[in-house]
Amino acid sequence: MGTGTSKNLDGGSHGNEEEREENLDQAGGQLYISLKMENFKLKGELIPHIYGSVPLVGSWDSSKALSLERESASMWELSFVVPPNHESLDFKFLLKPRYSNSPCIVEEGPNRLLSGGMLQGDTRMALFKLSADEVLEYRVFIKADRVSPFDLAASWRAYQDNLRPSAVRGIPDVSINSVSETGPENSSSVSLELDLEHYVVPAPSNSGFVYAANLTETPRSLTGFGVHFNADGPGNTSSSKESGVVGDRSTTNMTVIVPDPPKMYMGSGTVESKSVGTFSHLQRQDSHRGLFVDRGVGSPRLVKSASTSTIFSDLKLDTESKNSMPAAAGAVAAAAVADQMLGPKEDRHLAIVLVGLPARGKTFTAAKLTRYLRWLGHETKHFNVGKYRRLKHGANQSADFFRADNPEGMEARNEVAALAMEDMISWMQEGGQVGILDATNSTRKRRNMLMKLAEGKCRIIFLETLCNDQRIIERNIRLKIQQSPDYAEETDFEAGCRDFKARLDNYEKVYEPVEEGSYIKMIDMVSGHGGQIQVNNISGYLPGRIVFFLVNTHLTPRPILLTRHGESMDNVRGRIGGDNELSEAGEVYSKKLANFVEKRLKSERAASIWTSTLQRTILTASPIVGFPKIQWRALDEIYVGVCDGMTYEETKKNMPEEYEARKKDKLRYRYPRGESYLDVIQRLEPVIIELERQRAPVVVISHQAVLRALYAYFADRPLKEIPHIEVPLHTIIEIQMGVTGVQEKRYKLMD
């Protein structure tokens, strides 16, 4: 505690006492004493106490003895500060019954003498005679520190701040107020400009729309073809819209084998899916299999017994197993261990193969699923066959290119599908976990080819998207013409629509719904108004999470507003954790936020306000009226364990190893008895699912670490970047979700 010297004095008066006392005296300040008693055979109703001379507890009256506090199952502790003019104390321990008025049991032997932080005589044991034949023994520990009066004052101030009664006690988890609880808000300090665009500030990343297919993996098997492709469209090609014939394919001599329908590969019965995990197999010489578990940097270390040295002496790490694991914790980690130990090798890799007619939302669904799995910690990539086709054969193919009776077109499309599948499998063998193949894959013959390519290498689950709503189909077609590189050079919008509808007719003539293998069918799910989802031969943790995620996704446009609470007293003091009230600036922001929400959501029929259970977020939300408020424990700030209430400077000074461990890897670092960012991500998954399911706007008022994790999901930021994402105070991040993907806008209401 604080600055000064510290001595553990459980060894009695042996050693160089004069040197110890000299060190304590030189440190200055007041004497801080910690007394501990330990017994592994405690009598349940006997509580250790201490009584003695006046400065300690008031008198030798046993009725006024001071109780020790239970520190653990076997340890009791009492800490106190000795006034400078009373550094010599005499006292004794005694045991008092918890519930009865039975006499106290005083320890045997003479009084104990504490002088300058040193216990005189035999200090290591305290003996209590319970009866003529029974003696109870306690081990005694003493620790003395010289602490500065300034440190004592700071500790007492922090103690008072942290134990101040909550200002939000009694507010239910779900509430709505029609009148502000904080009084009038008409002052100029909390009013806002009529035009909210006045507060817009640049977002740190590109929040404009980008066609989803252009964000997929760059075809590495085609990097040598010399055809340059960018987000605006392909480069030089020799294809022709009029002829429907593909461009020059002489640069490849790859042979694609498409099996005949009677010889189609069929899944063999029910095979349990094995999701990938966070653990690595370790082989030892006696062929017993062990597991290496990444508990997070800075977490408590297990003490190895003598027998474990042989286990860890000749480790042979299974590199493929290690690379196929997600950076995750909690449920994902537990499922990974189970699946890795029990599943066949090919089930360590999962291929999600999209199936569906054009303009059914396949690419949008694949992009959302990729983002979700990456955020959970699974190494996931999205492979778009259309991107391969445009790079290999050009973007200006007419509808005739997609006819089933065009042999050159069929060969070219099967060729690029096989290339994309081969690239995906190669990436998996290098350590990838989940690959998503985005294409129509509309015939059994095509799907059979893909299953043959994946046999023995990865497990395939088909994801079919079906839509019968002509309004949605028409909307998707028009978006396709506006955004797809296939029509970037088409100046006549209506001509582009006619060509795409002709392409769609060609696919519909030969379309065969999925009935083979493991599959998930999404039927009219995109609107968010009902629909149906069918699953077949789906089991395992990761496939189950995928199904649960897909059940809750839709395309309904709505904003999600993310903001930190107003500045708190702990923010002012530079302390982490805690549950303090708002500062004066924080109270001003809460009123500005209420004005902003009223103006921004005034045209919305419904909206909700989500906060954590900590009072600084609840108080920030209190001026907002007219919308229901829901408290989420999952939205609480990252728990910093024993560092709660400390500043980073205090952590660096008092816990240098923890400080350095956190600096090296903030993502995986777990505070002692606290959480890591990976832990936070795991507890936020239900929040993400509910945000995806909501069809009305949501305002999330939470904390920096939590909002970093939520923002990373929507912005598709890598896990390693999460601890470093900028989420400033008094700023609103608006995430706009809809058919065009995710867009971002930021409003800064005050400095």
Say whether, by atom type as modelled, one donor and one acceptor occur between the side chain of [X] and the main chain of [Y] under 3.5 angstrom.
X    : Y    : result
T556 : R695 : no
D524 : N468 : yes
R447 : N441 : yes
D499 : A399 : yes
N536 : G517 : yes
H382 : D438 : no
T380 : H378 : yes
K521 : V514 : yes
R360 : P358 : yes
N406 : F402 : no

Does the side chain of [Y] come within less than 4.5 Å of [X]'s, by heavy atoms?
X    : Y    : answer
I538 : I461 : yes
R374 : E379 : no
D486 : R389 : yes
L635 : L684 : yes
I733 : T563 : no
L437 : V385 : yes
R717 : Y711 : yes
V434 : T370 : no

For [X], ring-ring contact (aromatic ring centres under 6.0 Å, His included) partners two or more places apart:
X    : result
F627 : none
Y713 : W375
Y747 : F596

Just do the side chain to side chain contact (heavy atoms under 4.5 Å, CB included) check on Q534 and E464 with the steps written out, would you?
CA-CA 10 Å; Q534 298 177 0; E464 185 176 19; over 6 Å; no
If you compare all heavy atoms of [X] against all heavy atoms of [Y], which two are closest, and at what distance to 0.1 Å?
X    : Y    : result
A696 : R558 : O-CG, 3.9 Å
M737 : E692 : CE-OE1, 3.4 Å
A420 : F383 : O-CD2, 4.2 Å
V510 : A404 : CG1-CB, 3.5 Å
I481 : G496 : CD1-O, 3.4 Å
R390 : N384 : NH2-OD1, 3.8 Å

If you round to the nearest 0.5 Å, how far is [atom2] of [Y] from [atom1] of [X]?
X    : Y    : atom1 : atom2 : value
Y372 : L550 : OH    : CG    : 9.5 Å
T365 : H554 : OG1   : NE2   : 12.5 Å
N552 : L691 : CG    : CG    : 11.0 Å
D400 : N506 : CG    : CG    : 7.0 Å
L373 : L542 : CG    : CG    : 6.0 Å
S518 : R459 : OG    : CZ    : 4.0 Å

Those residues at least two apart in sequence (or on a different chain) that pass salt bridge (charged side-chain N to carboxylate O under 4.0 Å, His left out) with E512 are R444
Sequence neighbours excluded, the answer for salt bridge (charged side-chain N to carboxylate O under 4.0 Å, His left out) partners of R605 is none
Review point. Is any side-chain N of the basic residue among E726 and R746 closer than 4.0 Å to the acidic one's carboxylate O?
Key: no
E685 and R683 ion-paired at < 4.0 Å: no
Given side chain to side chain contact (heavy atoms under 4.5 Å, CB included), test V742 with I735 step by step and report yes or no. CA-CA 7 Å; V742 176; I735 304 294; 3.5 Å; yes
Sorted by chain and residue number, the side chain to side chain contact (heavy atoms under 4.5 Å, CB included) partners of E690 (sequence neighbours excluded) come out as W610, W632, R693, Q694
Margin query: Would you say Q429 and H349 are linked by a side-chain donor-acceptor pair, where the criterion is simply a distance under 3.5 Å?
Written below: no
Review point. Do the numbers put K368 on top of the ring of F364, so that NZ or CZ is under 6.0 Å from the six-membered ring centre and no more than 45° off the axis?
Key: no
### Message
Before you tell me yes or no, could you show the steps for E415 and Y388 under side chain to side chain contact (heavy atoms under 4.5 Å, CB included), namely the whole-Å CA-CA distance, both residues' side-chain angles and the distance that decides it to 0.1 Å?
### Response
CA-CA 10 Å; E415 176 187 50; Y388 278 73; over 6 Å; no
Test side chain to side chain contact (heavy atoms under 4.5 Å, CB included) on K452 and E455 and set out the steps.
CA-CA 5 Å; K452 292 296 288 184; E455 189 172 4; 3.5 Å; yes
As a quick check of understanding, evaluate salt bridge (Lys or Arg N to Asp or Glu O under 4.0 Å) for R471 and E474, giving each step before the final call. CA-CA 5 Å; R471 280 187 313 104; E474 186 65 30; over 6 Å; no
